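One structure below.
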Amino acid sequence: MIAIQDKLISDEVVQAFFACELSICKGACCVDGDYGAPAGGRRMQTLEDIIPALKPYLPEASYEKILKDGGYVFLKM
């Protein structure tokens, strides 16, 4: 068990495989969660590759921030 504040979390949570099913969740992790969905490996490169395709769908300030800071944030747990 892992204790986070006053909650006990099963070890299985950190050992389980996670795969985003965007067609099912419709981005709920990214909207309601604190940090979005976890990603790694080739997904990180995919995020970098699609940045130019996002421009027509984002406010200019948001697009410029992505260009400046990148399209994702690494969290150290």
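Owing to the predicted nature of the structure, the values given are computational and were not obtained by experimental measurement.
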Separation between NZ (Lys55) and CD1 (Ile50), nearest 0.5 Å, reads 15.5 Å

When rounded to the nearest 0.5 Å, the distance separating OG of Ser62 from CG of Leu54 is 10.5 Å

Gap between atom CE of Met1 and atom CG of Asp11 - 0.5 Å precision: 7.5 Å

Hey, does the side chain of Thr46 reach the backbone of Arg42 with a donor-acceptor pair shorter than 3.5 angstrom? yes

Counterpart residues, side chain to side chain contact (heavy atoms under 4.5 Å, CB included), relative to Ile51 (two or more places apart): Glu48, Tyr63, Ile66, Leu67

